[in-house]
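Okay, so here's the structure we're looking at.
For this chain, numbers begin at 1 and follow the sequence in order.
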Amino acid sequence: MTIYDYLYYIILPCLAICTVIIFIRFLKGPTLSDRVVALDLLLTTGIGIMAVYSILTDQPTFLDIAMILALIAFLGTVAFSYYLEKREKNE
């Protein structure tokens, strides 16, 4: 079994199943915090899928896109935590 077979038959199906489960949590999340964490996890899973696709197609451009997406996801999480902190101080 080569690394490409491992990526095709094990990692990609695991990431796809995780994406479906996380999306269900995103839709059902009772609080705003749950939905934001699920959205951040969806972005992280998408970055993983892009990295695997980049390896399989031998196109390093997708890794650059994944890195930019990771930075945007990180900034979004920081902004949301800042919002929660300000909201708790005002209450």
* Contacts of type ring-ring contact (aromatic ring centres under 6.0 Å, His included), residue F23, not counting sequence neighbours -> none
* Mind checking whether V52 and Y6 sit in one hydrophobic cluster, side chains of I, L, V, M, F, W, Y counted as touching below 4.5 Å? -> yes
* Asked: Is any side-chain heavy atom of L43 less than 4.5 Å from a side-chain heavy atom of I72?
  -> no
* **Nearest heavy atoms of D58 and P60, plus distance in Å** => O-CD, 3.7 Å
* Asked: Is there side-chain contact between L84 and L32, with heavy atoms separated by less than 4.5 Å?
  -> no
* Straight-line distance of L71 CG to I47 CD1, nearest 0.5 Å -> 8.5 Å
* Structure fact -> Hits for salt bridge (charged side-chain N to carboxylate O under 4.0 Å, His left out) against K89, two or more places apart or cross-chain, chain-then-number order -> E85
* To do: Verify the cluster assignment for L41 and I21: are they in a single hydrophobic cluster under the rule of side-chain heavy atoms below 4.5 Å apart?
  => no
* **Approximate separation, where rounding is to 0.5 Å, of D34 CG and T31 OG1** => 3.5 Å
* State the CD1-CD1 distance between I3 and I55, to the nearest 0.5 angstrom. => 7.5 Å
* Structure fact -> d(C18 SG, I49 CD1) to nearest 0.5 Å is 9.0 Å
* Asked: To the nearest 0.5 Å, how far apart are CG in L42 and CZ in R25?
  -> 12.0 Å
* Any L12 side-chain heavy atom under 4.5 Å of L7 side chain -> no
* Is there a donor-acceptor contact under 3.5 Å from the side chain of S54 to the main chain of M50? -> no
* Applying the 4.5 Å side-chain criterion to the ILVMFWY set and letting contacts propagate, would Y8 and I10 be lumped into a single cluster? -> yes
* If you round to the nearest 0.5 Å, how far is OG1 of T44 from CD1 of I22? -> 8.0 Å
* **Verify same cluster id: F74, M67 (apolar side-chain graph, 4.5 Å)** => no
* Is F80 atom CZ crowded by more than 12 heavy atoms from other residues, nucleotides or ligands, each under 6.0 Å away? -> yes
* R35 (side chain) donor-acceptor with F26 (main chain) under 3.5 angstrom -> yes
